[in-house]
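In what follows, a structure is listed as structure tokens, so that the remarks can point back to it.
To find a chain, count down the sequence lines: A is the first, B the second, and so on, and within it residues start at 1.
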Number of protein chains: 2
Amino acid sequence: MAETTSLPAPERAALAAGVVRRLSHVARAIRHHMDADLAALGLTPAAARALDRLDPDRPLPARDLAEQLNCDRSNVTALVDKLEEAGLVCRRADPADRRLKTLVVTDAGRRAQVRVRRVLGDSRLLDGLGDDELATLGDLVEKISNGGCPEDCGGS
Amino acid sequence: MAETTSLPAPERAALAAGVVRRLSHVARAIRHHMDADLAALGLTPAAARALDRLDPDRPLPARDLAEQLNCDRSNVTALVDKLEEAGLVCRRADPADRRLKTLVVTDAGRRAQVRVRRVLGDSRLLDGLGDDELATLGDLVEKISNGGCPEDCGGS
DNA sequence: TATTGTTATACTCTATAACTATA
DNA sequence: TATAGTTATAGAGTATAACAATA
């Protein structure tokens with residue numbers, strides 16, 4: 001609709017390739033920062049991201065957490081083991097369907113969530129942008145995020 | 001200079017946090033695509049990215065490759081092992097300093113580089129953006145990339 | 001039979017430490 | 001002694017396959 005595609009295809013492709021490369025680079029830097037900060041909280045990156053997905057008010061079956069994390073069920077076991085050892089999460093058998101184990105966030109887990117989410121939303125790397133630039137970037141990234149892969153974006 | 005910082009700090013922080021989260025999400029999707037495509041070339045992601053960094057015209061010491069990949073020397077050994085087994089790279093002792101082993105890209109390696117770089121620059125996820133949006137995104141990401149961490153961005 | 005969570009297993013990526021051969 | 005590459009080892013993330021309990 002509003003796509004003014006005026007660039008010749010080869011130039012467009014070259015430009016896009018450069019943007020993708022720089023995006024990957026920036027994302028790597030962001031992840032590097034975050035992983036270090038999460039480690040400082042005593043959590044591995046994957047465990048921290050799992051905790052981030054849990055809702056204290058609505059215990060989630062492990063199966064659903066796996067889906068949200070885009071990983072196999074079998075991995076969630078070890079992740080939740082870590083969170084449980086740290087006293088941040090409890091497993092509770094679902095009375096309605098005893099096959100399910102729902103993940104309950106403890107009080108300590110709630111406090112940890114606050115810290116984890118502060119890290120996951122840490123925007124040091126965006127400090128160089130003005131407010132308008134930040135807003136523009138947000139719009140563009142959201143547009144990619146929504147329309148980037150219109151078809152089979154369910155699981156992958 | 002051109003930073004019109006008019007947003008109240010809390011709102012700015014909330015906005016930035018959202019942008020960072022969406023950026024991370026998009027980057028994850030990009031990496032997911034790429035890793036699958038690199039696997040289809042018979043290369044692990046790390047090996048492919050190592051090959052990408054090599055220059056057929058200027059053999060690189062393994063030490064320098066490690067620096068470019070931001071990883072330890074010891075990892076490069078296994079990476080180059082894979083590339084050598086695949087016939088894409090050769091190790092050659094540097095005559096001037098026999099401690100060094102420079103990495104020579106073979107003819108097959110050159111052809112593989114073309115394919116790898118096509119994947120690494122694959123911009124399917126940006127197809128939803130118009131040319132002007134793409135250019136804007138490129139500028140913003142470059143600005144982050146350069147000014148994001150002004151101080152200690154050497155190794156980390 | 002089908003599904004959930006678990007276990008066992010394997011592969012990849014990455015880091016540290018110790019070893020070797022050079023310098 | 002210092003550096004380059006290697007090896008050994010370990011931890012983290014993720015995947016597949018098989019298993020027990022439950023539906």
Gap between atoms [atom1] and [atom2], on [X] and [N] respectively (whole Å):
X	N	atom1	atom2	value
A:L65	C:dT6	CG	P	11 Å
A:L60	C:dT4	CG	C1'	13 Å
A:L100	C:dT3	CG	P	13 Å
A:L69	D:dA15	CG	P	11 Å
A:L38	D:dG13	CG	P	10 Å
A:E85	D:dA12	CD	C1'	15 Å
B:R91	D:dG5	CZ	P	10 Å
A:D35	D:dA12	CG	P	12 Å

Where the side chain of [X] is concerned, which of [options] is the nearest nucleotide?
X	options	result
B:T77	D:dT14, D:dT7, D:dT22	D:dT7
B:P45	D:dA12, C:dT22, C:dT12	C:dT12
A:D72	D:dT16, C:dC13, D:dG5	D:dT16
B:R28	D:dG13, D:dT14, D:dA23	D:dT14
B:N75	C:dA15, D:dT7, C:dC13	C:dA15

For a quick test of reading the model: is some side-chain N or O of [X] closer than 4.0 Å to OP1 or OP2 of [N]?
X	N	answer
B:S74	C:dT14	no
B:R99	D:dG5	no
A:R63	C:dT4	yes
A:K101	D:dA21	no

Salt-bridged, [X] to [Y], with N to O below 4.0 Å?
X	Y	value
B:D94	B:K101	no
B:D37	B:R115	no
A:D107	A:R110	yes

* Asked: Is the number of heavy atoms from other residues, nucleotides or ligands within 6.0 Å of CD (A:Q68) greater than 12?
  -> yes
Per nearest nucleotide of DNA chain D, the residue lying toward the 5' end, A:A96 or A:A78, is A:A78
When A:A46 and B:A62 are each assigned the nearest nucleotide of DNA chain D, the 5'-most assignment goes to B:A62
TODO: Scan A:D97 against the nucleic acid and name what it touches under 4.0 Å (heavy atoms): base, sugar-phosphate only, or nothing.
DONE: sugar-phosphate
Q. Counting any heavy atom closer than 4.0 Å, what does A:R73 reach on the DNA or RNA strands: base, sugar-phosphate only, or nothing?
A. base
Per side chain to side chain contact (heavy atoms under 4.5 Å, CB included), B:V141 is matched among A:V20, A:L23, A:V141 by A:L23
Under 3.5 Å, side chain of A:T106 to main-chain N/O of A:G87, donor-acceptor pair present?
yes
